[in-house]
Amino acid sequence: MKNDSFYKLPKKLFFDERYKHLSISAKVLYALLLDRKSLSIKNNWVDTDGNYYLYFTNREAKELLNCGSEKVCKLFKELERVKLILRRRQGLKRPNIIYVYRI
């Protein structure tokens, strides 16, 4: 296959003490979010402070990770606890804005 594509999974997630305790599923979710961030950069999705943001719904995460709603909520919270992401609620059934931070 010539056009294989891959998700990047930073090695620090496995070796840095701050992230070693994260579940494998949370680490994979972070890789998915990093990939989506690269699309946001390409499309210049920038807020008024100059930060790139993205939309990634719980439904998308459930489908890609093949898990339920509770699990997805737990995974997003894991990433928030270690400050790898920040979610901003928009309300009115609109998707959260997600900021993905570098390690």
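- Scanning for salt bridge (charged side-chain N to carboxylate O under 4.0 Å, His left out) contacts around K11 gives an empty result, with sequence neighbours left out.
- With sequence neighbours left out, the salt bridge (charged side-chain N to carboxylate O under 4.0 Å, His left out) criterion links R18 to D16.
- Considering only residues two or more places apart in sequence or on other chains, C73 meets the side chain to side chain contact (heavy atoms under 4.5 Å, CB included) condition with N58.
- Hydrophobic clustering places L86 together with Y53 (ILVMFWY residues linked when any side-chain heavy atoms are closer than 4.5 Å, directly or through intermediates).
- No continuous path of ILVMFWY side-chain contacts below 4.5 Å connects F56 to Y101, so the two sit in separate hydrophobic clusters.
- With a 4.5 Å cut-off between side-chain heavy atoms of Ile, Leu, Val, Met, Phe, Trp and Tyr, the cluster of L39 takes in none.
- Qualifying side-chain hydrogen bond (donor to acceptor under 3.5 Å, both in side chains) partners for Q90, counting only residues two or more places apart in sequence or in other chains: R94.
- The SG atom of C67 lies 10.0 Å from the NZ atom of K74; values are rounded to the nearest 0.5 Å.
- For F14, there are no ring pair (Phe, Tyr, Trp, His ring centres under 6.0 Å) partners, not counting sequence neighbours.
- Follow the hydrophobic side-chain contacts under 4.5 Å out from L32 and you reach L13 in the same cluster.
- Among residues two or more places apart in sequence or in another chain, the side-chain hydrogen bond (donor to acceptor under 3.5 Å, both in side chains) test is passed with K62 by S69.
- Checked against salt bridge (charged side-chain N to carboxylate O under 4.0 Å, His left out), E70 has no partners two or more places apart in sequence or in another chain.
- Closest approach of A31 and K8 over heavy atoms only: CB-O, 3.3 Å.
- Under the 4.5 Å side-chain contact rule for hydrophobic residues, L22 and L65 share a cluster.
- Using a cut-off of 4.0 Å between Lys/Arg side-chain N and Asp/Glu carboxylate O, K20 and E17 are scored as salt-bridged.
- L79 and A26 get closest at one heavy-atom pair: CD2-O, 3.6 Å.
- With sequence neighbours left out, R59 forms a salt bridge (charged side-chain N to carboxylate O under 4.0 Å, His left out) with no residue at all.
- Between L33 and L84 the shortest side-chain heavy-atom distance does not fall below 4.5 Å.
- Applying the side chain to side chain donor-acceptor pair (under 3.5 Å) test to every pair with at least one member in residues 39-51, sequence neighbours left out, gives these pairs: D47-Y99.
- Note on I24 and I103: same hydrophobic cluster, where clusters join Ile, Leu, Val, Met, Phe, Trp and Tyr whose side-chain heavy atoms are under 4.5 Å apart, directly or indirectly.
- For residues 24-39, the side chain to side chain donor-acceptor pair (under 3.5 Å) pairs, not counting sequence neighbours, are R36-E60.
- For the pair I97/Y55, a side-chain contact is recorded, criterion being any heavy-atom separation below 4.5 Å from C-beta on.
- If you chain together ILVMFWY residues whose side-chain heavy atoms come under 4.5 Å of each other, Y52 ends up grouped with I41, V46.
- Considering all non-hydrogen atoms of both residues, L9 and V28 come closest at CD1-N, 4.3 Å.
- Distance check, rounded to the nearest 0.5 Å: CD of E80 to CD1 of I85 gives 4.5 Å.
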